[in-house]
Structures are given as structure tokens and as C-alpha cells.
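As C-alpha cells, the structure follows; a few thoughts come after it.
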Amino acid sequence: MTSVISVADIAQHEGQEVAVKGWLTHKTGKGKLLFLRVRDGSGFVQAVLFRPSVGDEAFSRAKKLTQESSLILTGKVKKDQRAPGIPGGYELDVSGIEVVQIAEPFPITPKEHGVDFLLDRRHLWLRSRRQWAILRIRATVIREMRNWLDGNGFVLVDTPILTPSAAEGTTTLFETDFHGTPAFLTQSGQLYNEANIFAFGKVYCFGPTFRAERSKTRRHLQEFWMLEPEVAFAHLEDLMEIEEQLVSHVVQFVLVHHAKELALLERGTEKLERVLPPFPRLSYDDAVEMLHAGGFPDFKWGDDFGSPHETYLTEQFDKPVFVHHFPSEAKAFYMEPEPGRPEVCRSADLLAPEGYGEIIGGSERMSDPEKLLAAIRQHNLPEEAYDWYLDLRRYGSVPHGGFGLGVERTLAWICKLPHVRETIPYPRLLDRFYP
RNA sequence: UCCUCGGUAGCUCAAUUGGCAGAGCGACCGGCUGUUAACCGGUUGGUUGUAGGUUCGAGUCCUACCCGAGGAGCCA
């Protein structure tokens, strides 16, 4: 009996009679020759049928196959330079063909399509090679971020998705109903992470995050995935070291293990190869000076960077760059002010190069209960909702901090995609959440 | 919420000053022993986003609305 193989492992089966179970992505022929390209989930392979070899009956059955028809092919694995596919270089010399289903006409053809058309058919679009490559890299990025943290003493501590209040009062929340009480989908697990470090020292949470912003840009999703580490006894400098180690590990791992996918995406690797610690550190003050010198003379100290500013700054470096010590006014209430200079806070964003901008936002947190209470009052936040948060500063408070890494933005950069919508299987965009 | 652009065949697009609604691809039929988004010949293709208006005549001009894209603000 012939064994079923994964196309990814085809090189290990040269000369063997094997079976491949999958779907037809492409069919082309030349008289008595028929080329079938088949996807099995692990890769893409070309199968060749020669009419005199397989017989007229099997040959005409194969000729009737439509795009996305499901089938089981048996045949001998042959090495051939001309064979396209992933990994490629090997093809299946078909001896038998079992048709599982003849597919109805598939709407997504190998030709060009518009974004609207494709997003309406995201459930089918996922089958295309490009999406396959991106989402495999996504799986690796998520796994390796977690592997790195798990291997460096961090404990995964899950934080709730249904929450009673905002972490930061500013952004828009998705509201839902918790048995008669208003509840909100989480925008961050940070506040809970801050509680968890007192039990576990170094923690992280990883999960979906919801932002009901009326944002329509290439960098925004209504639902995205965020990795949020938080560390006890950590200062801003410690956080930046963790961030550059983590990001470098993930990028270098992808370069080694997903060369085929990056090539398929036509993502050049030279710039990614430079992503190694240390990353340059740029103070907000210096960043403002760079902007003034670089064509943004009107930029006012105290403003947050807009998209063109971020793009300009990242273009000045060939690696991700930290911008630290932002004005306190522009940042969230819980960030620790710089001692002796309270107008800036101990915060740092990590900006990805090539115009991708912010992929990480982080800070050292206020650890003093009096200062934190004053900040909550100054921001007109409901004191009672933060009572448990203030507790954390009453029972063994320590300097601590953490950051949030946006998975989709990181992926868009690594894959060099023009928009984050392709980095998540089912993107939730403004006014679009089908399918 | 604001600014800009767009909606024509299944898909991607064209249509000159307001004057016969077209092409490529797909699909279907036929041909070809090495195709890489094959190629060659043939067939098939339309409520021009919706509702009004101007006009002898509207895909084209006007009004309102619907849908989408890019950007701003805000953020990861």
C-alpha cells in the first residue's frame, strides 16, 4: 500500500511510489501531457500525467478537473529542476488519480483581483500561496515570541477579555453586556499583568485586543493580537534590552526557517539580516531635533509623532529604533515620570524600519501609590474602578514595567506587506467583519 | 468624524467634446510531449452601485443616497 506523504517532505521520497491528498490549484496541458499543480497544506507540488502512460480514461478524468477540485494522486516522486512548487524541484509522475470532488467554478482565479473582492471571500482567499506564506510566518512568529519568553523565565498568565473598565480612558471601547452590567472587550492586559508580576515575577499575556476606533489606515485593525510582557524590578533600560532580544530572535528565526515563504512574498532578506541587538536608542528630545533638521520645522515639542514623522525617523536607521522619554502629557497616566524632569516619562516605543513605524509601546510604571492616585485624579478617571490597581502599590510595590507588541504590525514589517489586513486570517476592519 | 479617489461582463480595466458599451483574463469546445499567470483557433458574455433630474440622446453632466479604497486624528 502506498503511503500518504506531506509535500513538504517530498525530497525524502525520491523514487518512491507515494500518495498526495490535496486540492488542484492550477492545470495546464500540452496535448498528451497534463500538468496539475496540487496543494496539500504543507506545500505545493506539480504532478505530471502522460496520456500513453496513465491511459485515456484516467487522462480525460484529469482533464475535467476544475480549480480547487479535491483529489488523491498516486505516483512516483521524480527529481526535476523544472518542477515548480514549494519546496519544488520534485514532481509526481502520476500513475493513479482519485477525484474526491469536482469543485464548482472557483471565484479566485490565478489572475488579479481587487481588495474588496478578495476580502469578501477571505475564507477562499486563504488558500492562495501568498496568504499561505504569510499565515505560516504568523504561526512561527507567535510560537517563537512565546518560546523566547518561556525560555527566559516568563510565565504565561492569561488576562480577561471581558473587562469592567478601560485601561486607558482615551481610546474607544467595544461595549457589551455582562448580565445587565456594561462590560468592555479588552484593549490591554497590562493592568492585570501588573498584578500578576507580584506572584510570578516575569509574566506575559497573549491574546486578542479590541479597539473601536474609527480608523481606516493600513496599520489599523479593530481586533488584533498583542503580546504583553511585564517584569518586576525592571527599569526602562531593562525593558529595551528584552525587546531587542525578543524581536531579533523572532526575525532571525523566520529568516532561517521561512526562506521559501519570504522568497514567495518577494521580501528581500538583507535588511532583516541586520536586525540584531543592540538597536539604536533615540531620546524624544533628539528625535524632535532630527525632525526639525529633516523637513519638519513646525513640529512642536510635546506633540506625539504622526505617521509621516515616524516614517522619517525610521528611514534614518537601518534597524528598528527605540524612541524613549516621551512627553508625559502625550502618554498614559500610569507611566513613571523621569526623576528631576517630570515633563517626560520613562517610556519607549520601538519603531520598525522601512516606514512601518510603531510595533511596540512600553514604559516603566508608576510604583508610588500617592503619585499614582494623583495621576488618576488628574486624568478624571473613576477612582473606585482603579482601587484594585492602587492595591498593587500598597503591598510591596516595586519598580516595574512592560510593553505591548502588535503581532500584525510586526508581521507586516517582516513580510513587507502594504497593509496589516493580510497578516490575520479574518481581519476585522472598520465596517467590515464578514466572513 | 474629516479630506481625497473610486463603483462598467464572473475578474481586472477601457470607452476622446454628451453620440452604436469594448478589450484582456476566466469559463466552454478543439489543437499541441515540459507547462511555470503556457500558447494557437473558436464560442460565451452587460439592470454601467441605487433613486431622481437636465437633454433629441447620459457610462459620461447635476442632486441625494449606498458601498469600497487611501489618508488624517488616535493607537499596537
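None of these values were measured; they are calculated from a predicted model.
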- Task: Figure out the CD/C1' separation between A:Glu68 and B:A27, and round it to whole Å.
- Result: 16 Å
- Item | Donor/acceptor link under 3.5 angstrom from A:Ser215 side chain onto base of B:G73 | yes
- Message: Is there, by distance only and without an angle test, a donor paired with an acceptor across the side chain of A:Lys216 and the base of B:A72 below 3.5 Å?
- Response: no
- Item | Nearest-Å distance for atom pair CG/P, residues A:Leu264 and B:A37 | 11 Å
- Message: By nearest atom, which of the nucleotides B:U35, B:A37, B:C74 is closest to the A:Pro110 side chain?
- Response: B:A37
- Query: Can a side chain N or O of A:Arg432 be found less than 4.0 Å away from OP1 or OP2 on B:C67?
  - Reply: no
- Donor-acceptor pair under 3.5 Å, A:Glu91 side chain vs B:G34 base: yes
- Item | Side chain A:His113 and base B:C11 donor-acceptor under 3.5 Å | no
- Any strand, both distances under 3.5 Å, Watson-Crick or G-U wobble: B:A72 pairs with B:U1
- Spatial distance of atom CD (A:Glu230) from atom NZ (A:Lys202) [nearest 0.5 Å]: 13.0 Å
- Could you work out which one of B:C28, B:U12, B:A76 sits closest to the side chain of A:Met226? B:A76
- Message: From OH of A:Tyr90 over to P of B:G34, roughly how many Å is that when rounded to an integer?
- Response: 23 Å
- For B:G19, which nucleotide is its Watson-Crick or G-U wobble mate, given both distances must be under 3.5 Å? B:C56
- Task: Establish, with yes or no, whether the OP1 or OP2 oxygen of B:A37 is under 4.0 angstrom from a side-chain nitrogen or oxygen of A:Thr28.
- Result: no
- Message: For the P atoms, the ones on B:C62 and on B:U1, what distance do you get once it is rounded to whole angstrom?
- Response: 25 Å
- Atom pair CZ (A:Arg130) and CG (A:Leu118), whose distance is rounded to the nearest 0.5 Å: 10.5 Å
- Query: On a plain distance test, is the side chain of A:Arg409 in donor-acceptor contact with the base of B:C75 below 3.5 Å?
  - Reply: yes
